[in-house]
Amino acid sequence: MKDTLDYIEMFTDGFTPEIGLVLGSGLGDLADENAIYTIPYEKIPGFAKSTVEGHKGNLVFAEINGKKVVMMQGRSHYYEGHSMQEITYPIKVMKKLGVKTVILTNAAGAVNKSYRPGDFMMITDHINFMGINPLVGSNDDTLGVRFPDMSEIYNKNLIKRADAASHMLGITLKHGVYVATSGPSYETPAEVKMFRYMGGDAVGMSTVPEAVVANYCGMKVLGISCISNFATGVSSNKLSHDEVIRITNKVKPQFKEFVKLIIKSL
Ligand code: HPA
């Protein structure tokens, strides 16, 4: 950790972010527009490289609406072969940099039949269906406790602020439960049906490990899913990453305004 923090410090001149933002598939533009310092993940000791299209792989320091923010322009995923420890390491780094609030974003498939591609969903809770927990391993007592409470990962107060921001922008915001799978294959129709019976509203391959670790470290968490497609079986369409990127590109301008307004209200 010390290597990582020393390296970042060398390039950021004492910049102390209070907000951390993880930008998911196709949503990384916000970082380009506001960057003060940009550091590629491959240069940062301990950071895993993202290999997925739509994920640029930069740690970006910026000021947005008067707030100091550190952004992950793209993330690394479990399905790329990285360990849970590797993919959640940047969240621990954010904590050490002084971040108090983490905003996690992703593209997700609609499990809830009333959702449409292009909708935004506030994550109110999640189901970890990845088959592994990011806190497995020896515990670092300086970050959190061995058996952390997870009764309110997604901060209710932050959700209210996001609701207010969505009203101001005329965005209809869904509230729902995000189910995380390991990926990389998309789900089968039977799996999506099961997720619906279990109480899931959207499905994706990220976010949950980061949310668990951020909550464990005592940071407030807000999660936003951009619904990029109907999950398998909800419509007769076949799924592809190109379609996910196409929809996230389309909603990007609205998404950026939304996130900026949330940041302003924090
Ligand atoms: N399933 C899993 N992950 C996803 C999906 C999906 O339908 N859409 C975007 N990420």
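Sequence positions, counted from 1, serve as the residue numbers for this chain. Just so you know, ligand 1 is whichever comes first in the structure, and atom 1 is the first atom listed for that ligand.
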| query | Listed by chain and number, what are the salt bridge (Lys or Arg N to Asp or Glu O under 4.0 Å) partners of D32, not counting sequence neighbours? | reply |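 D32 satisfies salt bridge (Lys or Arg N to Asp or Glu O under 4.0 Å) with K56 only.
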| request: Keeping to residues at least two apart or across chains, list the ring pair (Phe, Tyr, Trp, His ring centres under 6.0 Å) pairs with something in residues 123-166. | output: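 Sorted result for residues 123-166: H126-Y154, F129-F195.
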Below 3.5 Å only, please: the N or O atoms of ligand 1 paired with protein N or O atoms, distance on each line.
from, atom 1, to, atom 2, distance (Å)
ligand 1, 1 (N), E187, OE1, 2.8
ligand 1, 1 (N), E187, OE2, 3.3
ligand 1, 7 (O), N229, ND2, 2.9
ligand 1, 8 (N), G109, N, 3.3
ligand 1, 8 (N), N229, OD1, 2.7
ligand 1, 10 (N), A107, O, 3.4

| query | Do the ring planes of F11 and Y7 sit parallel (below 30°), tilted (30 to 60°) or perpendicular (above 60°)? | reply |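 The arrangement is tilted - the two ring planes meet at 30° to 60°.
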| said: Angle between ring planes, F255 versus F120, binned at 30° and 60°: parallel, tilted or perpendicular? | reply: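 The rings of F255 and F120 sit tilted, inter-plane angle from 30° to 60°.
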| query | Applying salt bridge (Lys or Arg N to Asp or Glu O under 4.0 Å), which residue pairs with at least one partner in residues 210-231 are found, sequence neighbours left out? | reply |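 Residue pairs passing salt bridge (Lys or Arg N to Asp or Glu O under 4.0 Å), neighbours aside: R75-E210.
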| task | Check the hydrophobic clustering (I, L, V, M, F, W, Y; side-chain heavy atoms under 4.5 Å; chains of links allowed) and say if I103 and I227 are grouped together. | result |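 Yes, same cluster.
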